[in-house]
Each structure stands twice: as structure tokens, then as C-alpha cells.
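Below is one structure, written out as C-alpha cells; comments come after it.
Computation of the quantities below employed the complete heavy-atom set of this structure, encompassing side-chain atoms and omitting hydrogens, waters and symmetry-equivalent molecules. Order of the sequence lines sets the chain letters (A, B, ...), proteins ahead of strands, with each chain counted from 1. Every value quoted in this text rests on a predicted model; they were computed, and no experiment measured them.
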Amino acid sequence: MIEVTLPDGSKREYEDGARPLDIAESVSKSLAKKALAARVDGELFDLTRPLERDAAVEIVTAKDPEALELIRHDAAHVLAQAVQELFPGTQVTIGPTVEDGFYYDFARDEPFSSEDFEAIEAKMREIVDADYPIIREVWDKEEAIETFKRIGEDYKAQIIDDIIPPGEPITVYRQGEWFDLCRGPHLPSTGKLPKAFKLMKLAGAYWRGDANNEMLQRIYGTAWTSEKELKAHLTRLEEAEKRDHRKLAGELDLFHLDASAQGSVFWHPKGYQIWLQVESYIRRRISEAGYQEIKTPQLMASDFWRRSGHWDKFRDNMFVVPDFEPSTEGDEVHIPADAELMAIKPMNCPAHVEVFKQGQKSYRDLPLRLAEFGCCHRNEAHGALHGLMRVRQMTQDDAHIFCREDQIVDETRAFCGLLNSVYEDFGFTDVNVKLATRPGIRAGSDDIWERAEADLEEALKATGLPYEIAPGEGAFYGPKLEFHLTDAIGRTWQCGTLQLDFVLPERLGAEYIDESGEKAQPVMLHRAILGTLERFIGILIEECAGAFPAWLAPVQVVVATITEAADDYAREATAALQAAGLRVETDLRNETINRKVREHSVQKVPVIAVVGEREAAERTLALRRFGSKGQEVVSLDTALDNLSWQALPPDLKRADRTESG
RNA sequence: GCCGCGGUAGCUCAGUGGUAGAGCGCACCCUUGGUAAGGGUGAGGUCGGGAGUUCAAUCCUCCCCCGCGGCACCA
């Protein structure tokens with residue numbers, strides 16, 4: 001007999017080999033009917049997998065968070081079975097769950113087309129209707145390799161061969177004629193899979209994620225516990241699409257991208273206004289935090305990049321330019337073999353070391369914080385480019401802190417505090433923090449890495465921010481902190497970063513005189529808060545769906561007239577608002593007020609100030625704020641006071657409050 | 001870079017082996033309207049680029065470019 005503890009704390013005795021399903025049935029018929037799997041001492045079990053010993057057992061139903069995971073995993077299996085039935089000769093590989101769904105990677109010579117989706121989904125529904133019991137089997141490793149090879153599943157055989165340690169048993173799940181290597185657990189039968197699934201997209205994916213391997217065909221799907229949830233998810237996706245910064249860029253006239261400069265942004269007046277606001281804000285914040293701003297060259301000699309170590313490691317992604325005068329005759333450019341090479345800077349750090357090296361530095365000069373809104377170019381792979389999120393020309397809010405090793409923790413702490421405060425000002429609360437540790441290929445001794453990682457973690461802990469470790473993701477010269485933000489459709493992008501570097505100062509010979517008069521090497525902290533202005537603004541656009549807070553809005557107020565009779569007053573009001581520091585436009589067009597309100601609302605202008613004969617006579621403004629249907633009639637003077645205060649950037653608001661407080 | 005899909009008016013999109021259409025926008029005219037589209041008229045296109053098949057290509061085939069979704073990459 002075995003003793004089972006149920007979630008309410010009660011204990012019951014069962015026969016040896018009792019299955020979670022038996023336990024569910026003994027509790028109630030309805031529970032058995034709803035049961036999808038079980039949690040046995042914390043581990044997920046199939047309903048029909050016999051218990052081996054006394055355990056705490058919890059029945060998992062569609063309500064539990066694990067349910068989605070199970071459903072998606074099963075959906076992947078059903079997809080694979082359907083595909084293999086419809087397209088004989090297709091090999092299966094792996095099919096995990098992902099956020100909101102699942103995918104399965106197939107090997108097949110013919111490409112799939114999204115037009116196949118309908119047939120595949122129909123076949124999947126057939127498999128669900130057939131209600132095949134899903135049976136867990138434990139196989140011997142050699143036997144498994146043998147079997148998968150025999151039926152032509154070379155990828156599966158390879159997975160078993162490479163990934164499963166020898167001696168360890170292998171579990172295979174069988175549904176009808178079809179079976180797949182899988183860790184499980186699974187639903188008791190295919191009929192338990194809700195038909196709330198949909199195949200979403202088709203993509204290529206390298207076998208084992210390695211670009212040197214062959215490319216498989218990946219089919220993505222989404223799966224939910226009910227039709228209603230599926231529908232809600234699809235609606236969410238539609239909504240998210242409306243927030244896409246590339247779409248909003250066109251609608252709000254912020255910027256455009258063009259093949260003539262792929263990966264580089266053409267900022268329009270409105271988009272650049274946002275840029276300028278973001279830039280001046282961050283400039284005030286870092287200046288206040290003790291940084292000094294510098295500007296370094298765009299184009300530097302290849303020798304320099306060789307010394308910094310970038311030439312060997314990143315040359316493929318650098319724009320290299322020969323230093324010679326090309327002939328002006330004809331179109332062809334012949335570069336002489338002995339032409340010196342230069343490269344457009346892909347990053348600012350080596351140049352900052354050069355600035356640091358000018359003149360002799362004392363320990364008293366440290367920490368020295370050099371900042372630059374450095375415009376860098378990286379020759380990113382074509383397939384990597386993505387709107388503002390991944391560009392070839394980018395401007396970082398970059399800075400390098402040169403300090404002593406014992407200053408690392410304080411500097412890191414101060415940086416994290418500053419970053420947090422900045423993200424809050426922009427309204428980002430959902431920040432994903434990672435500590436990226438030493439990669440396989442790296443510079444510097446293990447001893448240094450050990451200390452560096454410990455220092456970063458200590459400082460990170462002090463901030464109280466939740467974080468996760470990203471093993472092996474560090475830069476080649478040191479570990480880093482990464483601050484990721486999420487875009488409209490849930491993709492996360494690294495924005496802020498702080499990287500410890502013990503290597504570059506040594507490589508480029510940066511040194512200072514320490515307290516005992518000896519030469520010493522500073523540590524370098526590479527750090528950015530926004531990351532690149534491009535990406536940050538991209539995220540910002542999606543975060544607010546184009547409805548910028550007043551301080552960032554390209555146009556803060558539109559003065560719109562009802563009749564020509566109010567034109568003069570509208571001009572006067574506009575001038576007064578401009579004089580109060582606001583970004584104002586006037587709309588004197590021969591259009592109805594309805595149309596003007598509609599158009600400026602669509603443009604998401606924070607405030608529309610309507611003026612007609614009444615306002616002109618009374619020297620008032622009828623203010624209509626974005627997102628509200630009502631209006632508020634105030635005197636011009638009151639409007640000037642209120643609006644100009646409301647449009648202040650958050651840091652200046654704080655300063656203003658302190659002064660007046 | 002790799003796999004799949006796409007590229008038609010400023011924008012969103014329809015369409016056909018016989019050289020193109022809608023809505024919005026734009027221009028002009030009428031209208032001076034009180035809080036999300038007033039009315040009329042008109043202009044606007046090498047159908048991404050190149051080559052091929054054909055009597056004839058925006059449509060079919062091939063190559064290239066760019067975009068989109070993934071993968072790989074991301075100092």
C-alpha cells in the first residue's frame with residue numbers, strides 16, 4: 001500500500017501501482033473527468049503513470065497554470081502526427097511549447113506552405129476526434145535509437161544518441177499508430193485536447209540552433225483551453241499590431257526607412273522632436289549624476305581597431321573604408337592594394353580610452369565618467385534588421401566609467417539607481433534584468449572573471465531588483481547586466497546595459513597613478529541606460545501606442561478654430577503658448593470643427609484648444625484632452641500656467657516642485 | 001546570411017495574358033460649420049528592378065533588390 005497526501009492535507013491509502021487517475025476517481029467522478037495530469041511530489045505525472053511510493057498528489061485540471069503547458073505540448077504532438085500522415089517522408093525533430101503556444105520542427109525536402117495549414121488543422125481535429133489514448137512507454141536507449149533509425153527518423157535517433165545519457169531510460173508516447181520520443185507528461189488521450197488551436201506561421205529554423213546545420217521547417221501554433229481564450233489571444237495580437245512602431249511611424253509621420261539606406265532611419269520633424277526630448281532629458285540626468293559629455297571620431301584607423309581587439313572579433317560587422325582618394329573618372333573604384341584601411345566606429349569605448357589616456361590621471365580623478373551620444377554603425381545581417389529595434393546606424397546614450405576595482409560596487413549601484421529612475425520616468429515598470437556571465441571564448445583570467453561576476457551580482461542584489469542569470473552570455477571582455485524591455489507583441493529587447501571590462505584598459509594602455517605613486521590599471525564600466533535612442537524610442541512608441549505623454553509629444557497643443565472670425569485670437573493664443581515653452585500648432589483651415597477634432601485626435605495630440613467667437617470674445621480656450629470627450633473652458637492665462645507645467649519633463653517637474661516647495 | 005511569404009496611386013488594398021481600379025489623402029471650388037469624417041470637381045501609376053517565354057507580360061519563368069515572419073547573429 002502507498003499513502004497519498006491530497007492538497008487539502010488529508011491522507012489516503014491506495015494499492016501499490018495506483019495511478020493518479022485512480023486517485024482522482026476515488027475523490028469524485030467529476031474530478032476524474034476534468035483531470036488532465038497530476039503533480040506528484042511537485043513533479044508532473046501522466047494520469048496513467050503508476051505511483052512508485054508515498055507521495056503528495058495534486059490533480060491538474062484545465063484551471064491550473066500547468067494545463068496550458070500540457071495542452072500546448074500535446075498540440076505539438078498532434079501537429080506532428082497530422083503532418084506525418086499528410087506528408088509521408090517528413091521527419092520529426094523537436095516540438096516544444098513556447099509563450100502562447102508551441103512549434104514543431106520538421107525535416108522535409110518540399111517546403112510547406114501556409115496554404116497547407118487548413119488541411120493540417122483539419123487532420124489535427126480528426127486526431128482529436130479519434131480520441132487515441134496517449135500511452136507512456138519506457139524504452140531502452142539502444143532499442144530506441146534502433147527503432148527510430150529503422151522508421152527513417154534520423155533526427156530523433158540523433159537526439160537520443162547525443163542528449164540522453166547512457167543507461168538512462170527513454171520515454172516514448174504513443175497515440176494510435178504514431179509515437180514520439182518525449183519526456184512528457186501528456187494528456188490521457190488526444191480527445192482531451194481542446195480544439196482551441198490554430199497554426200500561425202511558418203519559418204525556417206536551424207537544426208539544433210546552429211547556422212552550420214541544415215535548415216528545418218518550423219510550424220508555429222497557438223493553443224488554449226477554450227475557443228474563447230483562443231479568440232481573445234487572436235484579438236490581443238490584432239491589437240498589438242496596431243501599436244507596432246513601424247505602423248505608427250507612418251500614421252504619425254515620425255520617421256521612415258528606405259532601401260537607399262537600409263537599416264538607417266530618416267527621422268521626420270515629429271519623430272526627431274521626440275528624439276530631442278529624450279536626448280535632452282537623459283543629458284540632464286547623466287550630467288546631474290556626474291558624467292561629462294564628449295564627442296569622438298566617426299572614422300578610425302584599422303590599426304587602432306586591431307589594438308582594441310575589435311578587428312579580429314567583429315570585422316565582419318564593421319564598415320571598412322579605404323583611406324585613399326578614389327579616381328573621379330568612370331564609375332569603377334579600384335582600391336590600391338596598399339591603401340590604409342579605416343573603419344566607421346561600431347562602438348565608442350576604444351575612443352573613450354584614448355580620451356582617458358590624454359594627460360596623466362591620478363586616483364583622485366576616479367571615477368571618471370565619460371559620456372557620448374555616439375553614433376555607431378554596425379553591418380548587421382539583412383535578416384536581423386527590424387524597424388527601429390535593430391538598425392545599422394544607431395546612437396547610444398553611451399558612457400564609460402573609469403574607476404578602481406573597489407569602486408565597482410558603488411558605481412554599479414549608482415548606475416542601477418539612475419537607470420531605474422529613468423525607466424520609471426518613461427513609464428516602464430516591466431524590466432527584465434539579467435546577469436550575463438563568462439562566455440566560452442573570452443579574454444582575461446578566470447580569477448578576474450570570478451571577481452567581476454561577484455562584484456556585479458553584489459551590486460545588483462543591493463538594488464533589490466529581481467534578476468536572472470544568463471550563463472555564458474557575457475561579453476568577451478567581461479560580465480554584464482542587461483536590462484530588457486518588451487515590445488507590443490511580447491518580444492523583449494535589450495536596452496540598458498552595464499558591462500565590466502578589465503581587458504580594454506590594459507589592451508590600450510590606460511593607467512593612473514595610485515595612492516602609493518604606482519601605475520595602476522583602471523577598470524572600465526561600459527554602460528547605457530536607454531541603449532540606443534532608436535530602439536528605446538521604438539519601444540516607447542509601442543508602449544504608449546503613439547499617445548505620448550505631454551512632455552514627449554511632438555505637438556503638445558493644437559489651437560483649432562471654429563470660424564475665421566477667431567483666426568486672430570487663435571494666432572495670439574498660439575504665440576502665447578509658444579512663448580510659454582510649448583510645442584504648438586495652429587489649425588486655421590476651412591474645415592468643420594468636427595473634422596479638426598477628429599484629425600488631431602487621430603494624431604493623438606494631447607491637447608486640442610478650440611477657439612470660436614465666444615472664446616475670442618472672452619479670451620478663453622476650450623481644452624479637449626486626448627482620450628476624453630469633454631471639454632474644459634479656461635482663461636488663456638490659466639491655460640498657459642497649467643499646460644506649461646503639465647508639459648514639463650518629469651525631472652524638471654521634480655526640480656520645480658522642490659524649488660517652489 | 002538561411003527558410004517561407006510578399007512588393008499595384010502618397011497610404012490601405014482589389015484586379016486581369018490584350019498596357020489598371022476603389023476608399024482615404026492631395027489640388028481647386030462651394031460651404032464659416034461648436035467638439036471624431038459637410039458637399040462637388042479634378043490630378044495622380046515604367047504595376048519593385050532586370051532578363052526570358054509570348055503576336056502581346058502588371059499577370060507565366062529565372063535572377064536581383066527591398067519589406068514581413070522566424071532562425072542564426074547582436075561588441
If you measure from the [atom1] atom in [N] to the same atom in [M], how many Å do you get, rounded?
N	M	atom1	result
B/G45	B/G4	P	36 Å
B/A22	B/G44	C1'	14 Å
B/G70	B/G15	P	26 Å
B/U53	B/A43	P	39 Å
B/U58	B/G48	C1'	11 Å
B/G52	B/G67	C1'	26 Å
B/C63	B/G10	P	29 Å
B/C66	B/C29	C1'	41 Å

Pick base, sugar-phosphate or nothing for [X], based on heavy-atom distances below 4.0 Å to the nucleic acid.
X	result
A/F476	nothing
A/G630	nothing
A/A622	base
A/N317	base
A/K345	nothing
A/E482	nothing
A/R378	base
A/Q494	nothing
A/Y220	sugar-phosphate

Query raised in the report: Quick one: on RNA chain B, does A/E599 or A/A259 contact a more 5' nucleotide (nearest heavy atom)?
Result: A/E599
Query raised in the report: Which comes earlier along RNA chain B counting from the 5' end, the contact point of A/A475 or that of A/E613, where each point is its nearest nucleotide?
Result: A/E613
Query raised in the report: Considering only heavy atoms and no angle criterion, is a donor-acceptor pair shorter than 3.5 Å present between the side chain of A/R390 and the base of B/C74?
Result: yes
**Report entry** Under 3.5 Å donor-acceptor pair, A/R624 side-chain atoms to B/A36 base atoms
**Finding:** yes
Look for any protein N or O under 3.5 Å of an N or O in nucleotides 38-46 of chain B and output each such pair with its distance, or none.
| residue | atom | partner | partner atom | Å |
| --- | --- | --- | --- | --- |
| B/G38 | OP1 | A/R595 | NE | 2.7 |
| B/G38 | OP2 | A/T592 | OG1 | 3.3 |

Let me know the distance between [atom1] of [X] and [atom2] of [N], rounded to the nearest Å.
X	N	atom1	atom2	result
A/F255	B/G67	CZ	P	13 Å
A/E380	B/A72	CD	P	15 Å
A/N212	B/C71	CG	P	18 Å
A/E473	B/A75	CD	C1'	14 Å
A/E99	B/G70	CD	P	13 Å
A/I219	B/G70	CD1	P	16 Å
A/D258	B/G67	CG	P	9 Å
A/M389	B/C74	CE	C1'	15 Å

Is it true that the side chains of [X] and [Y] contain a donor and an acceptor less than 3.5 Å apart?
X	Y	result
A/K596	A/T561	yes
A/Q646	A/R625	yes
A/Y291	A/E372	no
A/T574	A/T586	yes
A/N594	A/T592	no
A/E482	A/Q499	no
A/N317	A/N379	no

Requested in this report: Determine the minimum heavy-atom distance between A/Q494 and A/R535, stating which atoms define it.
Outcome: O-NH1, 2.6 Å
**Report entry** Least distance between heavy atoms, A/I608 atom then A/S601 atom
**Finding:** CD1-OG, 3.9 Å
Among the candidates [options], find the nucleotide nearest to the side-chain atoms of [X].
X	options	value
A/V597	B/U35, B/A72, B/A75	B/U35
A/A211	B/A72, B/A75, B/A36	B/A72
A/R218	B/G69, B/C71, B/A75	B/C71

Requested in this report: Give a yes/no verdict on a cation-pi contact between A/R108 and A/F112, requiring under 6.0 Å between NZ or CZ and the six-membered ring centre and an angle within 45° of the axis.
Outcome: yes
Query - A/R72 to A/W224, cation-pi by 6.0 Å centre distance and 45° axis angle - result: yes
Considering only nitrogen or oxygen atoms on both sides, find all protein atoms under 3.5 Å from nucleotides 2-13 of chain B and state each distance.
| residue | atom | partner | partner atom | Å |
| --- | --- | --- | --- | --- |
| B/C2 | O4' | A/Y206 | OH | 3.4 |
| B/C3 | O2 | A/G204 | N | 3.1 |

Would you say [X] places a side-chain N or O within less than 4.0 Å of OP1 or OP2 belonging to [N]?
X	N	value
A/R614	B/U35	no
A/H386	B/G69	yes
A/K313	B/A75	no
A/R589	B/U32	no
A/R491	B/G70	yes

Query raised in the report: Which of parallel (below 30°), tilted (30 to 60°) and perpendicular (above 60°) describes A/H77 and A/H73?
Result: perpendicular
Query raised in the report: Under 6.0 Å from the CD atom of A/E115, do we count more than 12 heavy atoms belonging to anything else shown?
Result: no
Query raised in the report: Got more than 12 heavy atoms from elsewhere within 6.0 Å of CD, A/E613?
Result: no
Query raised in the report: Judged by atom type as modelled, is there a donor-acceptor pair below 3.5 Å linking the side chain of A/E473 to the main-chain atoms of A/A436?
Result: no
Report task. Using the criterion of both pairing distances under 3.5 Å for Watson-Crick and G-U wobble pairs, give all stems of 3 or more consecutive pairs involving RNA chain B. Result -> B:1-7 with B:65-71, B:10-13 with B:21-24, B:26-30 with B:38-42, B:48-52 with B:60-64
